[in-house]
Amino acid sequence: MTETILHTENLTKKFGKLTANDHISLEVPRGEIRGIIGPNGSGKTTFFNTLTGYYEPSGGSVVFDGTDVTGWKPHRIARRGMGRTFQIVSPFKNMTVRQNLLAVRAPDEVDKDERADEILSFLEIDHIADNQARGMSGGQQKLLELARVLMLDPDCILLDEPTAGVNPALENRILEHIETLNERGTTFVIVEHDMTVMRTVVDTVSVFDQGRHIVEGPFEEVKRDEHVREAYLGSAADEGVSL
Ligand code: ADP
Ligand code: MG
């Protein structure tokens with residue numbers, strides 16, 4: 001067990017001439033809830049994709065739980081203990097909620113039925129286990145997405161806008177689940193526009209701007225930072241995101 005569960009060094013992702021992630025160095029201590037904020041297009045989702053093997057890095061490295069996983073395939077990284085959700089949820093719509101969980105490719109030794117039951121009851125969606133995923137609200141689909149990630153019992157979970165489009169009651173439930181899982185030892189990295197989320201559940205905030213990791217610290221400190229205010233002026237400020 002290493003103290004730092006996730007460590008990127010100079011992680012870079014280019015798309016042609018565009019540098020979407022520009023030498024991002026970031027360390028997440030085990031057990032932390034890390035937030036990532038930044039204007040639209042600042043490279044947050046790209047960072048998740050590069051970290052979890054969906055994009056091949058153009059440079060730099062990713063060390064997860066003491067192992068260099070740079071360039072590994074997504075399923076291998078997931079099995080190593082880094083789970084993630086997507087900004088755009090994509091459940092198997094013609095399957096039930098439970099079938100969506102059982103469809104996760106878990107190692108042979110995992111009793112998938114038992115695990116699925118535990119997760120459905122933990123997330124309080126056991127009463128809709130046999131409903132088709134297609135009928136679920138956007139917020140319930142976010143919960144289902146989290147449920148699927150939990151099937152692999154990850155040590156660290158990356159969440160891309162987990163409360164976007166979710167009603168306040170369900171948002172609170174999702175945040176409670178995150179806190180409970182965190183108390184049980186799961187590390188989180190959360191990309192989120194909602195400043196309430198940053199204020200209430202996140203330990204440390206990392207700020208991205210134009211592909212770079214510009215500032216890191218407790219939310220109250222970060223929001224006073226001059227560079228952060230500059231990054232938000234004119235971009236996120238126009239979208240109604242206020243610090
Ligand atoms: P964020 O999640 O912070 O809003 P993204 O990581 O989605 O930002 O995007 C960062 C930049 O990279 C944007 O300019 C976006 O257009 C670009 N980008 C993201 N993914 C791709 C891709 N697959 N191909 C080309 N450009 C991309
Ligand atoms: Mg994004």
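Order of appearance sets the numbers: ligands from 1, and atoms from 1 within every ligand.
A salt bridge links Asp117 to Arg98: at least one charged side-chain nitrogen sits closer than 4.0 Å to a carboxylate oxygen.
Defined by atom type and a distance below 3.5 Å, a donor-acceptor pair is present between the side-chain atoms of Glu27 and Thr4. A side-chain N or O of Thr45 and one of Asp160 form a donor-acceptor pair less than 3.5 Å apart.
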Problem set entry | side-chain contact (heavy atoms from CB on, under 4.5 Å) evaluation trace for Val191 with Phe208 | CA-CA 10 Å; Val191 164; Phe208 282 20; over 6 Å; no

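For the pair Lys13 and Phe15, the cation-pi test (distance below 6.0 Å, angle within 45°) is passed.
For Gln210, the CD atom sits in a loose shell: 12 or fewer heavy atoms of surrounding residues, nucleotides or ligands are nearer than 6.0 Å.
Near ligand 1, Phe15, Leu18, Ala20, Pro39, Asn40, Gly41, Ser42, Gly43, Lys44, Thr45, Thr46, Tyr55 each place a heavy atom less than 4.0 angstrom from the ligand.
With waters left out, the protein N, O or S atoms under 2.8 Å from the Mg ion (ligand 2) add up to 2.
Thr8 contributes a side-chain N or O that, together with a main-chain N or O of Ile24, makes up a donor-acceptor pair within less than 3.5 Å.
Taken from CG in Leu144 to CD1 in Ile119, the straight-line distance is 11.0 Å, to the nearest 0.5 Å.
Using bins of under 30°, 30° to 60° and over 60° for the plane-to-plane angle, the ring pair His177/Phe122 lands in the tilted bin.
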